[in-house]
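Worksheet: the structure to be examined is printed underneath.
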Amino acid sequence: MNKLLRSAGGAGFAGAVLALLVAICLIRTALLPGPAAPGTAVAPIALDEAGAVERFAGALRIPTISYGEPERNDPAALDAMAAHLQRSFPRVHQALQREAVGKSLLFTWTGTDPAALPLLLLAHMDVVPIEPGTEGKWTHPPFGGVVADSQVWGRGARDDKSSVLALMESVEWLLAQGFQPPRTVYLAFGHDEEIGGREGAFRIAQLLKSR
């Protein structure tokens, strides 16, 4: 059990940074018009690793728990998560359109080529509850967002706030480089994936389909 809790609760510095690098590479690969010429050197990506880790840890401190009983869910926690993203990624919020779909978030990064098919990137902000009676078995508090032992500890470290933060860090970094995508990019962050996504992903899908 303790091994399982550690696995669910901790994400290493290397893993967090790797997720960020992978997200940047995937976005750039999907958006660039074609492959680089053979032998072309790829410039190294300079990242604010300490800042990225702290922003990630801050997200883990917000208890965005999805319970099976809707009346137990705390909308204020999702509001706090949205506010954390807004504080942490100012360029994203200046350059992209942000829409609230219920408590979910949909960002639109308009591309330069209206004929190009858009790209949709998905993640979710909610986490599962802590199993009653296991609180004392966690190496660090499940919503402590503790950075220790080369790990970032907290519920959602791997499922799935790592994806939310990696995508936001990637777009923030690309915007800082002056990049504008040829195709439109959507970032869709659901708030209730852990209980089926009927009020989050489903409504976002309906909204995009209507357009």
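Side chains are part of it too, since the values below use all heavy atoms of this structure and drop only hydrogens, waters and symmetry mates.
Between F143 and the options T64, L60, I130, a side-chain contact (heavy atoms from CB on, under 4.5 Å) holds for only I130.
Under a 3.5 Å cut-off, the side chain of Q94 and the backbone N or O of V92 do not form any donor-acceptor pair. A donor-acceptor pair under 3.5 Å links the side-chain atoms of D113 to the main chain of A115, judged by distance alone. Although no hydrogens or angles enter the test, the distance criterion places no donor-acceptor pair under 3.5 Å between the side chain of S163 and the main chain of A123. R91 contributes no side-chain N or O that, together with a main-chain N or O of E172, makes up a donor-acceptor pair within less than 3.5 Å. Formation of a donor-acceptor pair under 3.5 Å by the H84 side chain with backbone atoms of R55 is found in this model.
In summary, K103 and D126 do not engage in a salt bridge, as defined by a charged side-chain N under 4.0 Å from a carboxylate O. A salt bridge links R61 with E54: at least one charged nitrogen is closer than 4.0 Å to a carboxylate oxygen.
Within the 4.5 Å cutoff, the side chain of D192 has no heavy atoms near those of the H124 side chain. Side chains of F107 and H93 form a contact here, defined as non-hydrogen atoms less than 4.5 Å apart. For the pair W138/R155, a side-chain contact is recorded, criterion being any heavy-atom separation below 4.5 Å from C-beta on. When side chains are defined from C-beta on, W109 counts as touching L174, because their heavy atoms get closer than 4.5 Å. Proximity of L96 to T110: side-chain heavy atoms (C-beta onward) are nowhere separated by under 4.5 Å.
The two residues I204 and S104 come nearest to each other via the heavy atoms CD1-CB, 3.9 Å.
E71 pairs by the salt bridge (Lys or Arg N to Asp or Glu O under 4.0 Å) definition with nothing, not counting sequence neighbours. Looking at residues two or more places apart in sequence or on another chain, you find a ring-ring contact (aromatic ring centres under 6.0 Å, His included) between H140 and W153. For A82, the side chain to side chain contact (heavy atoms under 4.5 Å, CB included) test picks out R98, L105, with sequence neighbours left out. Scored by the side chain to side chain contact (heavy atoms under 4.5 Å, CB included) test, P118 finds T184, Y186 as partners (sequence neighbours excluded).
Contacts classified as side chain to side chain donor-acceptor pair (under 3.5 Å) and involving residues 195-211 (residues at least two apart or in different chains) are given here: E99-R211, E199-R203.
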Derivation of the side chain to side chain contact (heavy atoms under 4.5 Å, CB included) call for D159 and V127: CA-CA 7 Å; D159 183 15; V127 301; over 6 Å; no
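Remark: N73 CG to H191 NE2 distance equals 8.0 Å, nearest 0.5 Å.
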Report, one line per pair, each donor and acceptor closer than 3.5 Å where one atom sits in a side chain of residues 175-182; sequence neighbours left out.
| from | atom 1 | to | atom 2 | distance (Å) |
| --- | --- | --- | --- | --- |
| Q177 | NE2 | W173 | O | 3.2 |

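Hydrophobic clustering, with ILVMFWY side chains joined whenever heavy atoms are under 4.5 angstrom apart, groups L121 together with F56.
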